[in-house]
Amino acid sequence: MAYDEELADRIRDLLGPALPETVEKKMFGGLAFLVGGNMAVAASGKGGLMVRVDPDEAAGLADGEHVAPMVMGGRSMRNWLRVDSEVVADDDALDQWIQRGVAYARGLPPK
């Protein structure tokens, strides 16, 4: 399954020119948005949004149904969440998740 191009466009629009250090890169079957060389969010190749978060906050953000830890190669990723499309159907909700991912990526050493 290809990533949701409409979601990628919405992410791009919400990131806007305020983040000139943002780079787009096709990764893991999706389209990732990197800030300072660190992945922040992605339009997932499996649908929905991937968001990088503080590992200490991840469990509190996951609801187990529409927001869940990412699993890659059979391994749960502590600081990545998969957010279903319906959760980010409106731009305000999407922007909140984007800002969470951007804030975490900005706190990492640049690559």
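Keep in mind that what you see is a predicted model, and the values were worked out from it rather than measured. Counting from 1, the numbers follow the sequence of the chain as shown.
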side-chain contact (heavy atoms from CB on, under 4.5 Å) between M50 and V41, worked out
CA-CA 5 Å; M50 288 174 38; V41 297; over 6 Å; no
Taking M77 as the starting point, is it possible to reach M27 by hopping between hydrophobic residues whose side chains are less than 4.5 Å apart?
yes
Picking from V23, L14, V102, T22, what satisfies side-chain contact (heavy atoms from CB on, under 4.5 Å) with F33?
T22
Any chance you could lay out the side-chain contact (heavy atoms from CB on, under 4.5 Å) test for V87 and L49, step after step, and finish with the verdict?
CA-CA 9 Å; V87 173; L49 183 73; over 6 Å; no
With the side chain counted from C-beta on, respond yes when F28 and M72 share a heavy-atom pair under 4.5 Å apart, and no when they do not.
yes
Taking the side chain as C-beta and beyond, is there a heavy-atom pair between V88 and W97 under 4.5 Å?
yes
R52 side chain reached by R100 side chain, heavy atoms, under 4.5 Å:
no
Treat each ILVMFWY residue as a node, draw an edge where side-chain heavy atoms are under 4.5 Å apart, and state whether L7 and M39 are in one component.
no
Approximate separation, where rounding is to 0.5 Å, of M70 CE and R75 CZ
11.5 Å
For the student: nearest non-hydrogen atoms of P109 and N38, plus distance:
O-ND2, 3.0 Å
Ignoring hydrogens, what is the shortest heavy-atom contact between S85 and G47? Give both atom names and the distance.
OG-C, 4.5 Å
To the nearest 0.5 Å, atom CG of L94 lies from atom CD1 of I98 at 3.5 Å
Distance from L31 atom CG to D4 atom CG, nearest 0.5 Å?
11.0 Å
Heavy-atom pair with the smallest gap, counting every atom of P69 and S76
CB-OG, 3.6 Å
Between D91 and R10, does a side-chain contact (heavy atoms from CB on, under 4.5 Å) hold up when you go through it step by step?
CA-CA 8 Å; D91 285 347; R10 290 176 56 221; 2.9 Å; yes
Is it true that D95 and Q99 share a donor-acceptor pair across their side chains at a distance under 3.5 Å?
yes
When you compare the side chain of Y104 with that of D54, does any pair of heavy atoms fall below 4.5 Å?
yes
Is there a chain of hydrophobic side chains (I, L, V, M, F, W, Y, each step under 4.5 Å between heavy atoms) that links L34 to W80?
yes
Could you go through D84 and V67, starting from their C-alpha distance and side-chain angles, then the distance that decides it, and tell me whether this counts as side-chain contact (heavy atoms from CB on, under 4.5 Å)?
CA-CA 6 Å; D84 287 348; V67 179; over 6 Å; no
Which pair of heavy atoms, one from A40 and one from G101, lies closest together, and at what distance?
CB-O, 3.5 Å
Do K46 and Y3 come within less than 4.5 Å of each other through their side chains, counting heavy atoms only?
no
Would you say CD of E86 has more than 12 non-hydrogen atoms from neighbouring residues, nucleotides or ligands within 6.0 angstrom?
yes
Within a reach of under 6.0 Å around CZ of R12, are more than 12 heavy atoms found that belong to other residues, nucleotides or ligands?
yes
With side chains defined as the heavy atoms from C-beta onward, is the minimum distance between R78 and D56 less than 4.5 Å?
yes
